[in-house]
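Okay, structure first, notes after.
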Amino acid sequence: MSHGAGLVRTTCSSGSALGPGAGAAQPSASPLEGLLDPSYPRTHAALLKVAQMVTLLIAFICVRSSPWTNYSAYSYFEVVTICDLIMILAFYLVHLFRFYRVLTCISWPLSELLHYLIGTLLLLIASIVAASKSYNQSGLVAGAIFGFMATFLCMASVWLSYKISCVTQSTDTAV
């Protein structure tokens with residue numbers, strides 16, 4: 001008795017206020033107009049990315065400028081925050097300069113989803129470790145708190161950008 005194969009459908013919202021094809025360059029437009037998306041910095045996705053980058057930078061600075069009690073825990077926290085910040089900046093620039101139109105060999109929504117899933121998990125682990133090893137030192141506690149805030153913002157970005165629904169696909173055949 002088979003209930004059918006499971007099918008997972010995902011949809012991605014680009015965060016752009018304009019519809020598809022709305023940003024296409026007009027024949028009389030300048031060549032640079034097609035390169036930069038002037039409406040992207042005002043979208044919710046872009047503002048969320050900026051908030052993530054700011055909180056990650058603050059978390060990094062707080063931990064970097066504090067005296068450490070556990071080298072391995074805080075060096076891991078620093079590596080995770082900086083790598084996450086660089087990747088978020090890269091995706092921000094991809095959307096801002098519309099590199100997704102030029103580099104079509106990469107599935108940008110899938111790569112961004114994978115980055116957010118893996119990066120958020122690593123950031124959550126790093127924040128938990130940093131919080132448990134802080135020993136009431138204010139800079140380390142602040143770094144861990146900003147790490148948790150960045151984790152929440154990354155989870156919110158995944159939640160708002162990607163709709164994942166599981167649908168059961170029927171495989172029943174007439175007997």
Side-chain angles (χ1 to χ4, degrees), residues 5-25 29 31-64 75-131 143-169:
L7 176 67
V8 178
R9 292 190 178 134
T10 62
T11 57
C12 174
S13 64
S14 65
S16 175
L18 303 173
L32 290 178
E33 190 173 85
L35 176 67
L36 183 68
D37 187 1
S39 64
Y40 180 71
R42 294 184 300 271
T43 63
H44 293 292
L47 294 175
L48 200 52
K49 280 181 179 45
V50 169
Q52 292 165 3
M53 288 187 287
V54 167
T55 54
L56 285 168
L57 184 63
I58 292 172
F60 175 79
I61 291 171
C62 287
V63 169
R64 187 69 184 168
S75 60
Y76 172 70
F77 184 84
E78 284 184 342
V79 167
V80 168
T81 54
I82 285 299
C83 287
D84 224 9
L85 188 140
I86 290 170
M87 287 304 297
I88 292 169
L89 178 64
F91 283 117
Y92 183 84
L93 294 175
V94 162
H95 289 292
L96 181 66
F97 290 108
R98 296 179 180 164
F99 289 139
Y100 55 86
R101 289 183 178 180
V102 178
L103 298 172
T104 57
C105 60
I106 299 173
S107 174
W108 290 105
L110 179 62
S111 61
E112 194 167 2
L113 174 66
L114 289 176
H115 160 260
Y116 273 118
L117 292 177
I118 295 168
T120 303
L121 179 65
L122 291 176
L123 188 59
L124 179 64
I125 293 169
S127 298
I128 290 171
V129 170
I145 289 172
F146 278 104
F148 283 121
M149 287 173 52
T151 302
F152 173 75
L153 290 172
C154 288
M155 284 191 277
S157 183
V158 170
W159 179 261
L160 294 174
S161 297
Y162 301 95
K163 311 290 189 272
I164 300 175
S165 60
C166 294
V167 179
T168 303
Q169 189 175 27

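- Contact between Arg98 and Asp37 at its shortest, heavy atoms only, is NH2-OD1, 3.1 Å.
- With contacts defined as side-chain heavy-atom distances shorter than 4.5 Å, the pair Tyr76/Ile125 qualifies.
- The two atoms that bring Lys49 and Ile88 nearest to each other are O-CG2, 3.7 Å, heavy atoms only.
- Here the side chains of Trp108 and Phe91 are in contact, with some heavy-atom distance below 4.5 Å.
- Across all non-hydrogen atoms, the minimal contact from Gly143 to Val63 is CA-CG2, 3.9 Å.
- Counting heavy atoms from C-beta on, the side chains of Thr81 and Phe146 never come closer than 4.5 Å.
- With rounding to the nearest 0.5 angstrom, the CG atom of Leu96 is 5.0 Å from the CG atom of Leu36.
- Phe60 is not listed as a side-chain neighbour of Phe77, based on a closest heavy-atom distance of 4.5 Å or more.
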Leu124 and Phe148: CA distance, side-chain angles, deciding distance, side chain to side chain contact (heavy atoms under 4.5 Å, CB included) verdict: CA-CA 7 Å; Leu124 179 64; Phe148 283 121; 4.1 Å; yes

Show me the side-chain donor-acceptor pairs of residues 115-122 shorter than 3.5 Å, one per line, residues at least two apart or across chains.
| residue | atom | partner | partner atom | Å |
| --- | --- | --- | --- | --- |
| His115 | NE2 | Asp84 | OD1 | 2.9 |
| Tyr116 | OH | Gln52 | OE1 | 2.9 |
| Thr120 | OG1 | Tyr116 | O | 2.5 |

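- Looking at every heavy atom in both residues, Pro41 comes nearest to Leu47 through O-CD2, 3.6 Å.
- Rounded to the nearest 0.5 angstrom, Phe99 CZ and Leu35 CG are separated by 6.5 Å.
- In this structure the side chain of Leu89 reaches within 4.5 angstrom of the side chain of Met53, judged on heavy atoms.
- Using modelled atom types, no side-chain atom of Arg101 and backbone atom of Phe97 make a donor-acceptor pair closer than 3.5 Å.
- In this structure, Gly147 and Ser127 approach most closely via the heavy-atom pair C-OG, 3.2 Å.
- With rounding to the nearest 0.5 angstrom, the CG atom of Leu48 is 4.5 Å from the OG atom of Ser157.
- From Leu123, atom CG reaches atom CG of Leu56 across 6.0 Å, with rounding to the nearest 0.5 Å.
- At a threshold of 4.5 Å between non-hydrogen side-chain atoms, the residues His44 and Leu160 do not count as touching.
- Taking each heavy atom of Tyr100 and Val94 in turn, the nearest pair found is CD2-O, 3.7 Å.
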